[in-house]
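To keep things clear, I will list the structure first and then write my remarks on it.
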Amino acid sequence: MQEESPIHMNKDRKLIIAGNWKMNKTVAEALDLVNGLKRELAPIKEVDLVVCPPFTALSEVSKVILDSNLRLGAQNMSEHNFGAFTGEIAAAMLKEFSVRFVILGHSERRQYQKESDELIARKALAAHAAALKPIVCIGETLAERESGRTEKVLETQVRGSLAGLSTAQMEETILAYEPVWAIGTGKTATTEQAQSAHAFIRKVLATIFNETVAKRVRIQYGGSVKAANARELMSQPDVDGALVGGASLELRSFSDIVKNSI
Ligand code: 13P
C-alpha cells in the first residue's frame with residue numbers, strides 16, 4: 001500500500017523525488033551530503049527518494065544508504081553489456097553498487113553528447129534487461145516552445161525514446177519532463193505549463209501503450225525546482241515528483257523540497 005498525504009489524495013501514483021548531482025561532489029563531499037540526507041529524511045515514507053551521484057561516488061554512497069529509505073541512481077549508462085567501449089559504464093557494473101535507477105537522455109547528454117531518441121530507447125531496453133528502472137528525460141528548448149512546437153517535440157521524444165518497451169517495462173519506467181529553458185536558469189515552468197505538458201505526455205502514453213499504463217507511469221518535473229515552488233508543482237494532478245539539479249546539492253534545499261512536497 002502506498003502512503004497517502006493530504007495534497008496527493010487524488011493520486012494513485014507515489015511521488016518520486018530524485019537528486020541529479022550531475023558532475024559535482026568528490027567522494028568526501030558526496031558522503032557528507034548523503035549522511036545528512038539519511039538523517040534528515042529518515043521519517044519520510046510518502047515519497048520515493050533517489051540520489052544520483054557521479055559514478056565515482058556510487059560505491060561509497062551505496063554503503064551509507066544501505067539501511068535507509070534513500071535509493072541509488074546513476075546518471076547514464078551504456079547501451080552495451082560489455083566490451084571495447086572506452087569510458088563507458090555497463091548496467092551490470094551499476095548493479096554491483098545496488099543502483100536501482102538510471103537517468104537516461106538528460107538534455108545535457110542530448111545536447112553535448114548528441115544522444116538521439118533511438119540511442120536512449122536502446123539504453124532503456126538495456127536498463128530493463130538488467131532490472132534497472134530508467135528515468136527517461138524529455139523536454140523542449142525555448143525556441144521550440146516559442147515557435148509553438150512543444151507538443152510535437154514531446155510526442156516525438158516520447159515515441160522515440162520509449163520505442164520497443166513492453167507495457168510491463170513502461171510501467172517500471174519513470175519519465176522526467178524537463179523543459180530545457182528551465183534547467184539551471186532559475187526559470188521554472190509555471191504550474192499550468194508543467195501540468196499541461198504532463199497531461200499531454202500521459203495522453204501520448206495512452207495512445208502508444210494503453211490507458212492503464214498511462215495512469216500508472218510516474219512523470220517527474222525538472223527545471224529549477226526549489227523548496228519555494230515544490231509544493232505547488234507537486235500538487236498538480238499529473239506531476240508525480242521532481243528531478244532536482246542545483247538544489248539537490250545541499251542538504252537544506254533538497255530536504256526542504258522533499259518536506260514541502262508532502
Ligand atoms: P536544475 O534543478 O539545476 O534546474 O536542474 C534540473 C535538472 O537538469 C535535473 O536533471
Side-chain angles (χ1 to χ4, degrees), residues 15-25 29-30 33 37 47-55 57-58 61 70-77 99-115 120 123-124 127 132-142 144-145 150 153-154 157-158 161 173-191 193-194 197-198 201 218-234 236 239-261:
L15 282 187
I16 175 164
I17 300 183
N20 174 11
W21 296 1
K22 307 192 179 181
M23 198 175 74
N24 295 290
K25 306 280 181 202
E29 291 164 348
L33 175 57
L37 291 173
V47 184
D48 285 335
L49 299 171
V50 184
V51 287
C52 306
F55 291 128
L58 288 175
V61 169
L70 300 172
R71 297 288 171 264
L72 198 53
Q75 298 175 19
N76 177 41
M77 59 168 252
V99 169
R100 312 267 188 99
F101 297 87
V102 59
I103 299 171
L104 296 178
H106 190 279
S107 65
E108 286 148 17
R109 296 200 62 84
R110 289 177 184 263
Q111 185 183 350
Y112 305 133
Q113 271 75 35
K114 304 283 175 262
E115 291 200 359
I120 295 158
K123 289 186 178 195
L132 285 172
K133 289 190 205 308
I135 299 178
V136 175
C137 304
I138 55 173
E140 81 287 359
T141 63
L142 187 58
E144 288 162 346
R145 174 163 284 270
T150 298
V153 169
L154 292 179
Q157 291 178 338
V158 170
S161 308
T173 300
I174 291 131
L175 284 178
Y177 168 61
E178 301 204 307
V180 179
W181 49 272
I183 296 176
T185 57
K187 283 187 203 148
T188 321
T190 63
T191 46
Q193 285 171 328
H198 283 229
I201 293 163
R218 294 185 288 182
I219 309 176
Q220 298 174 310
Y221 170 79
S224 299
V225 175
K226 304 184 259 310
N229 57 28
R231 191 174 177 83
E232 209 187 336
L233 284 162
M234 296 311 123
Q236 297 304 304
V239 177
D240 309 313
L243 185 54
V244 186
S248 73
L249 297 175
E250 284 181 15
L251 173 60
R252 188 76 280 136
S253 47
F254 191 67
S255 310
D256 285 350
I257 287 172
V258 173
K259 290 175 187 171
N260 289 354
S261 297

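Because only heavy atoms are used, hydrogens play no part in the values below, and waters and symmetry mates are left out as well, while side chains stay in. In listed order, ligands and their atoms are each counted from 1.
A pairwise comparison of heavy atoms in Asp256 and Ala227 identifies CB-CB, 3.6 Å as the closest pair. The two atoms that bring Lys25 and Leu249 nearest to each other are NZ-O, 2.8 Å, heavy atoms only. The heavy-atom pair separating Thr191 from Leu233 by the smallest distance is CG2-N, 4.1 Å. Contact between Pro54 and Trp21 at its shortest, heavy atoms only, is CD-CE3, 4.2 Å. Contact detail for Trp181 and Arg145: the closest heavy-atom pair is CZ2-NE, 3.4 Å. Shown here for Ala127 and Pro134, the closest heavy-atom pair between the two residues is CB-CG, 4.1 Å.
The nearest protein atom to atom 2 (O) of ligand 1, hydrogens excluded, is given as Gly245 N, 2.9 Å; this is a heavy-atom distance. The protein heavy-atom contact nearest to atom 9 (C) of ligand 1 is Glu178 OE2, 2.9 Å.
Listed by number with element, the atoms of ligand 1 under 4.0 Å from a non-hydrogen atom of Ala182 are 4 (O). Here is the list of ligand 1 atoms found below 4.0 Å of a heavy atom in Gly184: 1 (P), 3 (O), 4 (O). For ligand 1 and Gly223, the ligand atoms under 4.0 Å from any heavy atom of the residue are 4 (O), 6 (C). Interface of Gly246 with ligand 1, defined as ligand atoms under 4.0 Å from a residue heavy atom, comprises 1 (P), 2 (O), 3 (O).
Contact analysis leaves Ala247 out of contact with ligand 1, as no non-hydrogen atom separation drops below 4.0 angstrom. Under a 4.0 Å heavy-atom criterion, Lys226 is not in contact with ligand 1.
Among the atoms of Asn20, some N or O lies under 3.5 angstrom from an N or O of ligand 1. For Glu108, no nitrogen or oxygen atom sits less than 3.5 Å from a nitrogen or oxygen atom of ligand 1, counting backbone and side chain alike.
Here the CG atom belonging to Asn20 is positioned 7.0 Å from the CD atom belonging to Glu178, to the nearest 0.5 angstrom. Atom CZ in Arg71 sits 8.0 Å away from atom CZ in Phe101 (nearest 0.5 Å).
Counting heavy atoms under 4.0 Å from ligand 1, residue Leu243 touches it through both backbone and side chain.
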